[in-house]
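Take a look at the structure below.
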Amino acid sequence: MLDATALHRLRTARRVVALTGAGISAESGVPTFRDAQTGLWAKYRAEELATPEAFLENPRLVWNWYVWRRQLTAQAQPNPGHLALVQFQERFDSFTLITQNVDGLHARAGSRDVIELHGSIATTLCFDERTPVTDFVDDGQTSPRCPRCGALLRPGVVWFGESLPPAALQRAEQAAASCDVMLSIGTSSLVQPAAGLPLVAKRRGALLIEVNPSPTPLTPHADRVLSGPAGQVLPQLLRQLGGTDLG
Ligand code: OAD
């Protein structure tokens with residue numbers, strides 16, 4: 001529960017920003033990145049698969065990992081945490097949702113204009129030209145090829161060592177620098193530049209609220225910590241704000 005002082009800051013905020021990470025989708029059954037991998041993928045670390053080097057070394061392995069994650073996310077349903085953030089958008093004059101997630105669950109819940117810092121798992125790109133490709137054949141042998149130029153195809157996500165989409169990053173930085181309240185939800189706050197956004201907001205005078213069941217490197221900087229799963233904490237926070245009761 002948020003104390004009265006912080007609740008007042010949130011109630012009277014004009015600009016609110018939320019940054020989400022894999023933790024918000026955990027209750028939808030999408031494993032977080034730093035959870036131990038299970039089943040087929042137990043012998044790999046996510047960080048070893050999500051790089052351009054890993055892909056070029058073994059495109060089929062990395063492609064298949066994303067096929068598996070894409071199926072998982074397609075079957076997953078938005079949870080009460082995602083739904084609460086849709087209500088937040090209705091509640092504030094300006095509410096910006098920035099996500100590191102590639103699963104599309106915020107948009108499927110009904111959030112509008114989500115800033116996807118790490119791309120989207122639903123899209124496929126030509127490795128060489130970075131252009132979206134929709135029509136391709138997967139013969140199960142090598143990773144599928146671009147029908148235009150024959151280059152390898154890759155998922156439309158940002159890998160370790162790659163730059164973020166500049167327009168998305170710029171919008172995120174602007175929103176963080178000008179908000180009154182910043183929520184950091186379900187992220188380990190380990191991966192830059194996303195992890196720096198809450199600190200930008202805090203330096204500019206915003207109230208920084210972290211929602212996470214476990215401490216992170218951001219925790220010592222947070223003004224308030226709501227310790228618990230986002231699917232419980234966010235609906236509770238919404239009720240405190242006087243928004244819709246999501247039960
Ligand atoms: P991580 O897997 O690093 O962290 C997930 C965080 O969610 C942890 O801090 C958990 O404590 C927390 N968590 C777990 N269950 C939760 C719940 N029910 N409610 C709230 N929080 C919960 O995921 P990210 O921080 O998103 O990037 O990882 C950042 C980036 O690293 C990802 O976008 C991805 C990854 O490698 C790229 O692929 C470029």
Side-chain angles (χ1 to χ4, degrees), residues 18-38 41 44-55 62-63 65-66 68-70 72-73 76-85 88 97-106 109 114-123 125 154-166 168-169 172 182-199 209-222 224-238 246:
L19 169 70
T20 64
I24 194 161
S25 296
E27 289 154 272
S28 295
V30 182
T32 67
F33 278 91
R34 285 164 186 82
D35 275 344
Q37 298 222 79
T38 53
W41 303 103
Y44 302 100
R45 288 170 60 230
E47 292 94 325
E48 289 164 356
L49 295 168
T51 69
E53 293 77 18
F55 177 69
V62 175
W63 180 266
W65 186 58
Y66 280 97
W68 173 73
R69 287 191 72 92
R70 192 178 293 136
L72 257 180
T73 57
Q77 296 301 324
N79 67 57
H82 297 107
L83 296 173
L85 290 179
F88 271 69
L97 181 52
I98 307 167
T99 190
Q100 299 166 82
N101 299 345
V102 297
D103 57 29
L105 284 172
H106 284 304
V114 181
I115 302 178
E116 290 183 315
L117 283 182
H118 292 165
S120 159
I121 201 169
T123 59
L125 302 179
R154 56 166 289 170
V157 302
V158 176
W159 280 328
F160 285 103
E162 295 186 318
S163 325
L164 273 57
L169 182 58
M182 173 95 185
L183 296 149
S184 175
I185 304 163
T187 171
S188 58
S189 297
L190 289 170
V191 176
Q192 297 294 351
L197 294 170
L199 296 173
I209 303 173
E210 183 178 50
V211 178
N212 199 312
S214 310
T216 74
L218 186 69
T219 308
H221 305 279
R224 302 290 188 280
V225 177
L226 298 173
S227 181
Q232 289 173 25
V233 171
L234 293 176
Q236 233 171 42
L237 188 56
L238 192 62
L246 294 174

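Values below: all heavy atoms of this structure, side chains included; hydrogens, waters and symmetry mates excluded. Atoms within a ligand are numbered from 1 in the order they appear, just like the ligands themselves.
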Top protein contact for atom 12 (C) of ligand 1, by heavy-atom distance:
Asn212 OD1, 3.4 Å
Flag [X] as yes when one of its N or O atoms lies below 3.5 Å from any N or O atom of ligand 1, and as no otherwise.
X	answer
Thr187	yes
His118	yes
Ile24	no
Gly228	no
Gln100	yes
Ala26	no

Closer than 4.0 angstrom: is that true for some heavy atom of Val158 and an atom of ligand 1?
yes
Which ligand 1 atoms, with their elements, are less than 4.0 angstrom from a heavy-atom of Glu27?
17 (C), 18 (N), 19 (N)
Among Ala50, Ala230, Gly186, Ala195, which residue places a heavy atom closest to atom 6 (C) of ligand 1?
Gly186
Mind checking whether Val191 contacts ligand 1 via backbone (N, CA, C, O), side chain (CB onward), both or neither, at a 4.0 Å heavy-atom cut-off?
side chain
Does the side chain of Leu83 reach to within under 4.5 Å of the side chain of Leu234, using non-hydrogen atoms?
no
